[in-house]
Amino acid sequence: MAVALGVAELTAGLLARAPSLVIAVGDTVVDSVPGWLERWAIATLGTADKPVLLGGIVLVSILLGAALGVLARRRFVPAAAGIALFAGLGTAAALADARNALGLTLLVGVLGAAAGTGVLYVLAVAMPRRAEPPAPVRGETPLSALDRRRFLAVTAGTTLLGVLAGVGGYLLSGRERLDDLRAAIRLPAPARPAGPVPPGAELDVPGLTPLFTPNEDFYRIDTALRVPVVDPGTWRLEVRGMVDEPFTLTYAELMELPQIEADVTLACVSNEVGGDLVGNARWQGVPLKALLDRARVQRGATQLLGRSVDGFTAGFPVLTALDVEEAMVAVAMNGEPLPADHGFPARLVVPGLYGYVSATKWLSAIELTGWDVDGYWIPRGWAKEGPIKTQARIDVPRAGGTVAPGRRPIAGVAWAPTRGIERVEVRIDDGPWREAELAESLDVDCWRQWYLPWEATAGRHRIAARATDGRGEVQTDQRTPVAPDGASGYPVVEVVVGS
Ligand SMILES: Nc1nc2c(c(=O)[nH]1)N[C@H]1C(S)=C(S)[C@@H](COP(=O)(O)O)O[C@H]1N2
Ligand SMILES: [Mo]
């Protein structure tokens with residue numbers, strides 16, 4: 001089984017457009033499990049959900065392999081048929097994805113099955129079997145023990161080869177090639193650059209989240225088991241649906257359109273209060289309004305549905321796309337072409353909305369639809385509308401940490417994209433709410449740093465915070481879980497002050 005999987009993965013890795021069957025099965029599992037199970041997996045496993053799923057698939061395969069091995073000792077043909085069926089299931093899962101070419105997918109499945117069956121034949125049929133145990137002769141190694149050793153050695157050797165092939169195939173798949181493509185891209189100067197970062201927008205407090213999240217530290221959330229590798233040379237963006245003038249853009253054409261730059265904080269609806277599924281970046285791209293104006297949106301089109309190359313969809317009100325000037329098809333993040341993890345070659349960024357309804361990565365189409373069409377997460381138990389809730393987060397001191405008594409900083413970030421942050425207050429134990437000092441605002445769409453000096457006295461303390469948005473609304477103290485429309489409640493950090 002290791003050899004079957006390894007050869008299939010290696011074939012997929014060597015041939016640029018051939019699919020990984022393990023990933024294909026994983027994708028099928030992700031798309032077909034019920035919403036509650038998917039939410040449970042994300043809540044308990046977090047971003048480890050993908051390795052756990054793939055590991056589970058490999059484990060089930062190995063157990064199946066063991067069962068087929070036992071069967072093959074008696075009856076080889078049904079066992080070989082079992083391997084073929086196993087490869088067939090993987091191939092079928094891959095073929096269900098329209099992006100996978102028939103010939104290459106079959107090739108991966110057939111080579112994997114052939115290699116697996118071949119090894120099974122050698123191990124179960126061709127290798128000498130244990131004969132009737134001869135009466136042990138003093139000074140002679142019994143034949144059966146020798147066979148057993150040889151059998152184990154060949155099994156271990158082929159398993160190792162299978163694992164190496166699998167790991168090699170995984171490493172070969174796509175990434176390096178994509179880095180070359182990205183490096184070759186020259187970003188146009190934005191027609192409307194973002195303003196300079198105001199002095200005082202970034203506080204100098206050790207441990208405080210930086211104002212801009214470096215790309216490599218930016219949280220990543222998506223349903224893709226393997227990041228889609230999209231060649232900008234063949235990529236197309238379609239604008240279609242309820243429009244009078246549908247059109248298609250190549251990457252080069254998209255890059256020729258006037259671009260804007262905007263600093264926007266992106267948040268995931270799965271972010272717990274105090275969590276880190278939120279980041280701030282400088283995005284560059286083509287404003288959605290320009291594309292919608294060109295397509296002439298029909299009356300009755302109420303939803304903009306982004307569709308990705310891997311079939312993910314996310315929809316939000318057309319009005320938001322038209323009203324929020326910074327809503328864009330982004331091609332760059334913090335001054336470089338979008339990283340693969342964050343949607344290369346293009347993605348949507350819509351200030352004020354959680355990513356699950358708006359921020360489609362690896363964008364392939366913008367569809368104008370009625371409100372009745374649902375994006376990926378809606379039938380899985382998440383709210384149809386996803387405005388980002390006003391939130392504060394305490395970064396310093398670290399939750400559960402120990403600080404020395406004396407003057408200590410309490411600091412963090414707070415965000416209410418499109419509304420801005422007007423005030424942050426901090427409460428220690430049961431004391432009064434005290435107003436924190438705010439860093440300069442970078443933009444209403446961005447998080448804002450805040451800071452409060454604290455005379456820390458020995459003992460155990462509870463620090464709470466709350467933010468007020470630019471419309472004067474204090475964030476709610478009502479605690480809600482992340483589903484269906486985002487966690488709320490005040491962040492609380494417990495610390496021990498002592499030496
Ligand atoms: N193609 C695709 N785009 C997607 C998703 C996805 O699963 N697939 N997840 C969305 C969600 S839930 C969030 S929170 C953001 C996260 O963007 P990031 O990974 O760049 O931080 O991407 C959104 N775009
Ligand atoms: Mo998300």
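Position 1 is the first residue of the sequence; numbering continues from there. Below, all heavy atoms of this structure are taken into account, side chains as well, without hydrogens, waters or symmetry copies.
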Beyond-backbone contact of M333 with P339, side-chain heavy atoms, under 4.5 angstrom: yes

Audit row: R182, F344, side chain to side chain contact (heavy atoms under 4.5 Å, CB included) steps and yes/no: CA-CA 8 Å; R182 286 179 64 242; F344 182 80; 3.7 Å; yes

Main-chain N/O of W371 paired to K384 side chain as donor or acceptor, under 3.5 Å: yes

R448 vs L442 side-chain heavy atoms within contact, under 4.5 Å: no

For a side chain to side chain donor-acceptor pair (under 3.5 Å) check, start with the C-alpha distance between R347 and T360, then their side-chain angles and the critical distance, and finish with the verdict. CA-CA 5 Å; R347 73 172 307 168; T360 307; over 6 Å; no

Hey, does the side chain of Q303 reach the backbone of T369 with a donor-acceptor pair shorter than 3.5 angstrom? no

Within the side chain of W415, is there an N or O that forms a donor-acceptor pair under 3.5 Å with the backbone of D445? no

Check whether any side-chain heavy atom of V350 sits under 4.5 Å from a side-chain heavy atom of V357, and report yes or no. no

What I want to find out is whether R99 reaches D310 closely enough, with some N-O distance under 4.0 Å, to be called a salt bridge. no

Step by step, would you call W362 with D222 a side chain to side chain contact (heavy atoms under 4.5 Å, CB included)? CA-CA 11 Å; W362 315 292; D222 51 62; 3.3 Å; yes

Run V286 and M328 through side chain to side chain contact (heavy atoms under 4.5 Å, CB included) and show every step you take. CA-CA 5 Å; V286 176; M328 66 168 102; 6.0 Å; no

F218 six-ring centre to R220 NZ/CZ under 6.0 Å and within 45° of normal: no

Heavy-atom donor-acceptor pair, D395 side chain to L208 backbone, under 3.5 Å: no

Is a donor on one side and an acceptor on the other found under 3.5 Å between the side chain of E367 and the backbone of L305? no

Between CD1 on residue I23 and CG on residue L54, distance to nearest 0.5 Å: 5.0 Å

Main-chain N/O of Y219 paired with D276 side-chain donor or acceptor, under 3.5 Å: no

Could you pull out the closest heavy-atom pair between V492 and R479, with the gap in Å? CG2-NH2, 4.5 Å

Using distance alone, with no hydrogens and no angle criterion, decide if T248 and E238 have a side-chain donor and acceptor under 3.5 Å apart. no

On a heavy-atom basis, the closest approach of G82 and L68 is C-CD1, 3.8 Å

Taking atom types as modelled and ignoring hydrogens, do the side chains of T480 and S488 form a donor-acceptor contact shorter than 3.5 angstrom? yes

Could you tell me which non-hydrogen atom of V474 sits nearest to which non-hydrogen atom of Y490, and how far apart they are? CG1-OH, 4.4 Å

Just checking, R307 and F312: is the charged tip under 6.0 Å from the six-membered ring centre and within 45° of the axis? no

Any heavy-atom pair between the side chains of P345 and L338 that's under 4.5 Å? no

For D293, what residues pass the salt bridge (charged side-chain N to carboxylate O under 4.0 Å, His left out) criterion, not counting sequence neighbours? K289

Would a 4.5 Å heavy-atom cut-off, applied to side chains only, mark V7 and T11 as touching? yes

How close do T390 and R419 get, heavy atom to heavy atom, and via which atoms? OG1-NH2, 3.1 Å

Would E245 and R240 satisfy salt bridge (Lys or Arg N to Asp or Glu O under 4.0 Å), going step by step from the backbone distance to the final call? CA-CA 8 Å; E245 306 281 349; R240 62 180 188 218; over 6 Å; no

Under 3.5 Å, is there a donor on one side chain and an acceptor on the other for T209 and R393? yes

When you look at CZ of R17, are more than 12 heavy atoms from neighbouring residues, nucleotides or ligands closer to it than 6.0 Å? no

Throw together a table of side-chain donor-acceptor distances under 3.5 angstrom for residues 259-267, partners on residues two or more places apart or in other chains.
residue, atom, partner, partner atom, Å
Q259, OE1, Q284, NE2, 2.6
E261, OE1, A194, N, 2.8
D263, OD1, R282, NE, 2.7
D263, OD2, R282, NH2, 3.0
T265, OG1, N280, OD1, 2.8
T265, OG1, W447, N, 2.7

Validation row: R294, L249 side chains within 4.5 angstrom (heavy atoms): yes

Could you walk me through whether R466 and D477 pass the salt bridge (Lys or Arg N to Asp or Glu O under 4.0 Å) check? CA-CA 8 Å; R466 68 179 185 193; D477 65 347; over 6 Å; no

Main-chain N/O of T250 paired to E253 side chain as donor or acceptor, under 3.5 Å: yes

Closest contact, heavy atoms only, A281 versus N334: CA-OD1, 3.5 Å

I57 and V22: which non-hydrogen atoms are nearest, and at how many Å? CD1-O, 3.9 Å

Can a donor-acceptor pair be found, under 3.5 Å and without considering hydrogens, that links the side chain of D374 to the backbone of I378? no

Check: Y354/D485 side-chain N/O donor and acceptor closer than 3.5 Å: no

Using a 3.5 Å distance criterion without hydrogens, assess whether the side chain of K50 forms a donor-acceptor pair with backbone atoms of A224. yes

Quick check: does any side chain N or O of T320 sit under 3.5 Å from a backbone N or O of F316, one acting as donor and the other as acceptor? no

Show, in sequence, the C-alpha distance, side-chain angles and deciding distance for R39 and W382, and conclude whether the side chain to side chain contact (heavy atoms under 4.5 Å, CB included) test is met. CA-CA 10 Å; R39 280 199 300 280; W382 297 85; 3.4 Å; yes

